[in-house]
Trainee: 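My questions all concern the structure below.
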2 protein chains.
Amino acid sequence: MAARLTTSSHALLGLLAIQPWTGYELTQQATRSLRFAWPKSERLLYTEPKKLVQLGLATAHEDAIGQRSRTVYAITDEGRAALSAWMKTTPKPPVLEAEALLRLLFAENGTTDDIMAALDSMAADAADLYEQVATINTGYLDGEHPFPQRTHLSVLFATFQLELFDLIIRWVAFAKNEIATWPTTEGLGMTDRTESILNEIKNRRSVLEL
Amino acid sequence: MAARLTTSSHALLGLLAIQPWTGYELTQQATRSLRFAWPKSERLLYTEPKKLVQLGLATAHEDAIGQRSRTVYAITDEGRAALSAWMKTTPKPPVLEAEALLRLLFAENGTTDDIMAALDSMAADAADLYEQVATINTGYLDGEHPFPQRTHLSVLFATFQLELFDLIIRWVAFAKNEIATWPTTEGLGMTDRTESILNEIKNRRSVLEL
DNA sequence: TGACAATACTGCAACTTGCAGTATTGTTCA
DNA sequence: TGAACAATACTGCAAGTTGCAGTATTGTCA
């Protein structure tokens, strides 16, 4: 078990740098904010802190509440050092995973209704996430931030999420509008609209290059 | 080895539905287009078709070229049926993985220069990807699509990528502008600008609700 | 024609997920 | 008040996935 430090390790260190948390609390916090930039399974969130302890980047101490004993994790100086060092490294490129877009790419294997439904689903998911982020953030105006001194970070972070979800919703409307003109999903090739979209891309590009 | 059908299985089936490919060709195709919606490792792309064969969704036949024998995979009727069935199911929500955003969330553990550099890196990656997608797509105007009858799908798919990359580039400019006003990464809390951003979010939201 | 890059893979350890299962703690309602 | 059932707070494990090192053939340029 060589155990190298992954991005997930650093994400957990980032949370521990704020304050000590129990394993369960870490999963809760990760669901609240972290997942929008680094979505990881609950399972991993429970496992990872143990690795940090093994590596000396965090400490664990048992805190018995009734019958149930909870492990509270805290960051060490080594942990803070590792976190600062990581902040200076180059981040990995952003990556989007979207099953609905995958279905668009292979839409010829289904009906126009199928692809419309997939896009609707993506837009509904985005609308849902928009609501969640907007609700949490507007709450900060009423002093509901658990770490008020971090509000500037949370909010700037949230602006990206909101713009992304907004983009998805708007793009789905555009895409459905296109697809509505298709008699079928298959074999259309270079339609007039496709050609005009491509010309727009080409023109915008030549403008950028000047 | 129970071997269930994953989204990645269906992604490969989607490629095989277009035409038969060798393992290597599948990895090339996946890098070209598939990765923008469903980014998977080269390693998996080599392994997955073998599973499809085991499940009877694809066939494999050896095609010796010189000393080297390549396996050509082709979809079966069962494979096409599985693909059509999958097109009718609800897609998973879209997910973004962005290490640079993770650093923003924990920016207090580094300098303003650190976070600026991370954001620059994200914008540069987006600019790069924009170029790649735009180049491939404008090429379609000159008849460079390997499967001309699929142009309508490729192009509509690409419009999302381009908008996303454009959003990233624009948002990074906005975020850097904000951060430029910060004396430090830490402890700023609810600044005037943070408050005005939140008010914008709140107002836009109340408009949407009417 | 030998060197070196590019192509076309495989093996394996470690990372990650999904899901089933377990055991406390909290709540509800007869 | 105590039985039932939901919510909380986890663990075990098989299977899915990645990264990287390694290998062998093919192409190319001097």
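Chain A is the first sequence line, chain B the second, and so forth, proteins listed ahead of strands; every chain is numbered from 1. Just so you know, these numbers use all the heavy atoms, side chains as well, and skip hydrogens, waters and symmetry mates. Treat the numbers as computed from the prediction; the structure is a model and nothing was measured.
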Trainee: Parallel, tilted or perpendicular: which one describes the rings of B:His145 and B:Tyr140, with boundaries at 30° and 60°?
Mentor: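 Ring orientation of B:His145 relative to B:Tyr140: tilted.
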Trainee: Applying side chain to side chain donor-acceptor pair (under 3.5 Å), can you list everything that pairs with A:Ser41, at least two apart in sequence or on another chain?
Mentor: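 A:Ser41 satisfies side chain to side chain donor-acceptor pair (under 3.5 Å) with no residue once adjacent residues are dropped.
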Trainee: In whole angstrom, what separates B:Leu45's CG from D:dT18's C1'?
Mentor: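 Value for this atom pair: 12 Å.
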Trainee: Is the phosphate of D:dT17 approached by B:Ser8 (side-chain N or O, under 4.0 Å from OP1 or OP2)?
Mentor: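 Indeed, a polar side-chain atom of B:Ser8 lies that close.
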Trainee: Under 3.5 Å, which donor-acceptor pairs link side chains of residues 155-163 of chain B to any protein atom two or more places apart or in another chain?
Mentor:
residue  : atom : partner  : partner atom : Å
B:Thr159 : OG1  : A:Trp171 : NE1          : 2.9
B:Thr159 : OG1  : B:Leu156 : O            : 2.5

Trainee: Nearest-Å distance, NZ (A:Lys50) to C1' (C:dT16)?
Mentor: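 It works out to 15 Å between those atoms.
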Trainee: Kindly say if B:Thr47 contacts the phosphate of C:dT10, meaning a side-chain N or O under 4.0 Å from OP1 or OP2.
Mentor: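 So the side chain of B:Thr47 is outside the cut-off, no N or O lying under 4.0 Å from OP1 or OP2 of C:dT10.
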Trainee: Round to the nearest Å and state the distance from B:Leu44 atom CG to C:dT10 atom P.
Mentor: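 Answer to the nearest Å: 13 Å.
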Trainee: Among all residues two or more places apart in sequence or in another chain, which pass the salt bridge (Lys or Arg N to Asp or Glu O under 4.0 Å) test with A:Asp114?
Mentor: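 Listed in chain order: B:Lys88.
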Trainee: Is there a side-chain contact between A:Leu26 and A:Glu48 (heavy atoms, below 4.5 Å)?
Mentor: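 No; the side chains remain at least 4.5 Å from each other.
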Trainee: Counting only pairs under 3.5 Å, give me each side-chain donor-acceptor contact of residues 56-64 of chain B, with atom names and distances, residues two or more places apart or in other chains.
Mentor:
residue : atom : partner : partner atom : Å
B:Glu62 : OE1  : B:Ser69 : OG           : 3.0
B:Glu62 : OE2  : B:Thr71 : OG1          : 3.1

Trainee: Tell me which residues in residues 25-42 of chain A put a heavy atom below 4.0 Å from DNA chain C, sorted by number, or none.
Mentor: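 Those residues are A:Pro39, A:Lys40, A:Ser41.
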Trainee: Any chance the side chains of A:Ser9 and A:Thr6 put a donor and an acceptor closer than 3.5 Å?
Mentor: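 A:Thr6 and A:Ser9 do have a side-chain donor-acceptor pair below 3.5 Å.
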Trainee: Keeping B:Asn177 on the side-chain end and B:Ala173 on the backbone end, is there a donor-acceptor pair under 3.5 Å?
Mentor: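 Judged by distance alone, no pair lies under 3.5 Å.
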Trainee: Nearest heavy atom decides the nucleotide; on that basis, is B:Arg70 or B:Lys92 closer to the 5' end of DNA chain C?
Mentor: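 Between the two, 5'-proximity favours B:Arg70.
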Trainee: Give a yes/no on whether any side-chain N or O of A:Lys51 is located under 4.0 angstrom from OP1 or OP2 of C:dA14.
Mentor: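 So the side-chain polar atoms of A:Lys51 never come under 4.0 Å of the phosphate oxygens OP1 or OP2 of C:dA14.
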Trainee: On a plain distance test, is the side chain of A:Arg4 in donor-acceptor contact with the base of D:dG19 below 3.5 Å?
Mentor: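 No such pair is found, so the answer is no.
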Trainee: Taking CZ from B:Arg43 and P from C:dT16, how many angstroms apart are they, rounded to a whole number?
Mentor: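 Rounding to the nearest Å, CZ of B:Arg43 and P of C:dT16 are 18 Å apart.
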Trainee: Sort me out a list of protein N/O and nucleotides 20-23 of chain C N/O pairs below 3.5 Å, or just none if empty.
Mentor:
none

